[in-house]
**Student:** 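Here it is, the structure, as C-alpha cells.
Numbering starts at 1 and runs along the sequence shown. Bear in mind the structure is a predicted one, so any value in this text is a computation, not a measurement.
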Amino acid sequence: ARGRAAAGNGVTLLRRGDLAGLRDAYSGEPLDPARALVRCGGCQSLYHADSAAVLARDNGGRCAACGGTDFSAVKLIPD
C-alpha cells in the first residue's frame with residue numbers, strides 16, 4: 001500500500017481500497033478502515049493505532065518489521 005505523505009503534517013493519505021487484503025504488522029489482524037491507522041515511514045508497514053501504542057510501550061516505539069521510529073497517521077480517501 002503506497003500512499004502519499006502530506007508534506008509537513010505527519011499524515012499519510014491512502015485510498016480505502018489500498019487496505020484490501022492487508023494485515024496489521026503487529027497483531028496480524030486484517031486492517032479495519034473504521035479504526036485509526038498509522039504507517040511506518042521506513043518500511044510502509046501499517047498498524048491499527050492500538051497496535052502502535054503497544055509498540056510504543058513495549059518495543060521502544062519501534063516498528064515490528066524494520067525497527068524504525070518514524071510513524072505517521074493514516075487518513076483514508078475515497079477510491
Side-chain angles (χ1 to χ4, degrees):
R2 286 280 202 230
R4 318 181 260 132
N9 64 5
V11 174
T12 298
L13 301 177
L14 291 177
R15 290 182 185 91
R16 292 179 82 79
D18 289 343
L19 301 180
L22 297 181
R23 295 184 172 270
D24 180 301
Y26 175 73
S27 71
E29 293 178 90
L31 290 173
D32 179 354
R35 294 167 63 184
L37 300 171
V38 297
R39 186 172 82 168
C40 175
C43 69
Q44 315 306 312
S45 290
L46 291 161
Y47 298 91
H48 291 117
D50 54 339
S51 289
V54 171
L55 293 174
R57 184 184 71 228
D58 297 341
N59 199 39
R62 298 198 170 278
C63 174
C66 75
T69 57
D70 178 28
F71 291 91
S72 61
V74 172
K75 179 178 178 172
L76 296 178
I77 58 175
D79 290 325

**Student:** Excluding sequence neighbours, so at least two apart, what forms side chain to side chain donor-acceptor pair (under 3.5 Å) with Ser45?
**Tutor:** none
**Student:** Side-chain contact, heavy-atom cut-off 4.5 Å: Leu14 with Leu46?
**Tutor:**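 Answer yes - side chains close enough.
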**Student:** For residues Tyr47 and Val54: do they belong to one hydrophobic cluster (side chain heavy atoms under 4.5 Å, members Ile, Leu, Val, Met, Phe, Trp, Tyr)?
**Tutor:**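 In one cluster: yes.
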**Student:** Considering all heavy atoms of both residues, which atom of Pro33 and which atom of Leu31 are nearest to each other, and what is their separation?
**Tutor:** CD-O, 3.6 Å
**Student:** Give me each pair satisfying salt bridge (Lys or Arg N to Asp or Glu O under 4.0 Å) with a member in residues 19-28, each pair once, sequence neighbours excluded.
**Tutor:**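 Residue pairs passing salt bridge (Lys or Arg N to Asp or Glu O under 4.0 Å), neighbours aside: none found.
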**Student:** Throw together a table of side-chain donor-acceptor distances under 3.5 angstrom for residues 56-70, partners on residues two or more places apart or in other chains.
**Tutor:**
| from | atom 1 | to | atom 2 | distance (Å) |
| --- | --- | --- | --- | --- |
| Asn59 | ND2 | Arg62 | O | 2.9 |
| Arg62 | NH1 | Gly67 | O | 2.7 |

**Student:** Could you check Leu37 against His48 for side-chain contact (heavy atoms from CB on, under 4.5 Å), going step by step and ending with a plain yes or no?
**Tutor:** CA-CA 4 Å; Leu37 300 171; His48 291 117; 3.5 Å; yes
**Student:** Taking all non-hydrogen atoms of both residues, which atom of Asp79 and which atom of Arg15 are closest, and how far apart?
**Tutor:**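 Where Asp79 meets Arg15 most closely, the heavy atoms are OD1-CB, 3.3 Å.
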**Student:** Determine the minimum heavy-atom distance between Phe71 and Val38, stating which atoms define it.
**Tutor:** CD2-CG2, 4.4 Å
**Student:** Partners of Asp50 by side chain to side chain donor-acceptor pair (under 3.5 Å), sequence neighbours excluded?
**Tutor:** Arg35
